[in-house]
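The structure appears right after this line, and notes come after that.
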Protein chains: 2
Amino acid sequence: MASGHRTGPYLCGIDAAMDVVGGKWKALILWELHNHGVRRFGELRRGLPGVSEKVLIQQLRELEEDDIVHREVYREVPPKVEYSLTEHGTALNAALEPLALWGARRSERIGAELIPH
Amino acid sequence: MASGHRTGPYLCGIDAAMDVVGGKWKALILWELHNHGVRRFGELRRGLPGVSEKVLIQQLRELEEDDIVHREVYREVPPKVEYSLTEHGTALNAALEPLALWGARRSERIGAELIPH
DNA sequence: TCCCTTGCTTACCTCAAGGTAGGTACCTCA
DNA sequence: TGAGGTACCTACCTTGAGGTAAGCAAGGGA
C-alpha cells in the first residue's frame, strides 16, 4: 500500500492511464526525460520550475514502481542518480503526444502563455 | 474567476491539456459522450458510478466553459438537458484515444480489473 | 575547521477538489 | 393528497495531494 494508486476497478483505459500519469508533475517529468534522454535529479528539478524536492522524488518513485522510469544510482560522493524512460515510459510518452499537440493548439487558440522548452 | 483553472503560464502542451481534462471525472465524461453521442444528465450520472451530482454538474459546467461540451436545455417539465461534445471536444477525445489504448493495454498487462463499457 | 555539494528523508501544514446531505421548482400519475 | 421524477443549488465537511522547511551522510576544497 501507500503506492499512490486508486482502489477498485478502472472504468476505461483513460481511467487507468490517468492513474499512472495523473500526478501534478508526472506528465512533465516524462516530457523532460523524453526531450533529454537521461537526466540527473537536480537537472530534473531545475527543469521543472516550481516543483519541490519532496514531491519530485515522490512522483519519480511512483513512476519507477509503475515501470515508467528507470533509476540508476552511481555510488559516488556527492551522490549521482540518473533517471530515464523505460520501454513502457517511452510508449506512454508517445501516447501522450496527440494530447500535447491538442493542448498546444488550444493554448494558442485561447492566447494562453506557453513557456517554450 | 472561480472558473477552476490554473494561474500562470503552461509549461508545455500536456500541461495545458491536463488543465482542461484533469478533473477526476472529465475524461470519463468525454468517453461517455463519445460513446453515446448525446446524453441526458441522469444518463451521465448513471453511466459514471460513484460520481456525485454536485461534482458532475461542476465538471460539466467547466467543460462547457472550455467549449468542450455543449449543453442543450429543453424547457419542459420535468426538465430535460442534453449534453454532447463540441467540435473541440471531439478533437480532444481523439487526442485521448492513444492514451486510452495505452491504459487498456497496461491494465491488461498488470491484471487490473477493467469494467467493460 | 567549516562549508559546500547531491540526493534524499522526515515532520508538519495548507488548501482546494471532491463528497454528503439537504432543499427547490414544476408537473404527472395514482 | 402525496409520492415521484428531473435537473439542479447550497452549505458544510473531509481528505489527501502537494508545499515548506529542516536535517542527514559522506567526502572535497578553502
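Being a predicted model, the structure only gives us computed values, none of them experimental. Residue numbering restarts at 1 for every chain, and letters A, B, ... go by the order of the sequence lines.
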Q) Are the side chain of A/Asn93 and the backbone N or O of A/Leu30 linked by a donor-acceptor pair below 3.5 Å? A) yes

Separation of [N] [atom2] from [X] [atom1] (nearest whole Å):
X       : N      : atom1 : atom2 : result
A/Arg39 : C/dG7  : CZ    : P     : 12 Å
B/Ile57 : C/dG18 : CD1   : C1'   : 14 Å
B/Lys24 : C/dG19 : NZ    : C1'   : 8 Å
A/Lys54 : C/dT14 : NZ    : P     : 14 Å
A/Gln58 : D/dG19 : CD    : P     : 10 Å
A/Leu28 : D/dG18 : CG    : P     : 12 Å

Linked, directly or transitively: [X] and [Y] (ILVMFWY side chains, under 4.5 Å):
X       : Y        : result
A/Leu48 : A/Ile115 : yes
B/Val73 : B/Leu63  : yes
A/Leu44 : A/Val81  : yes

Q: Please report the shortest heavy-atom distance between B/Val21 and B/Lys26, naming the atom on each side.
A: O-CB, 3.9 Å

Could you tell me whether [X] contacts a base, only the sugar-phosphate backbone, or nothing, with contacts defined as non-hydrogen atoms closer than 4.0 Å?
X       : result
A/Arg61 : sugar-phosphate
B/Tyr83 : sugar-phosphate
B/Arg75 : nothing

Contact list (N/O, under 3.5 angstrom) for nucleotides 24-27 of chain C vs protein:
none

Q. For DNA chain C, whose closest nucleotide is more 5', that of B/Gln59 or that of B/Glu53?
A. B/Gln59

Q | Over 12 non-hydrogen atoms of neighbours within 6.0 angstrom of CD in B/Glu76 | A | yes

Q: Identify the nucleotide, in any strand shown, that forms a Watson-Crick or G-U wobble pair with C/dA30, with both distances under 3.5 Å; if there is none, say none.
A: D/dT1

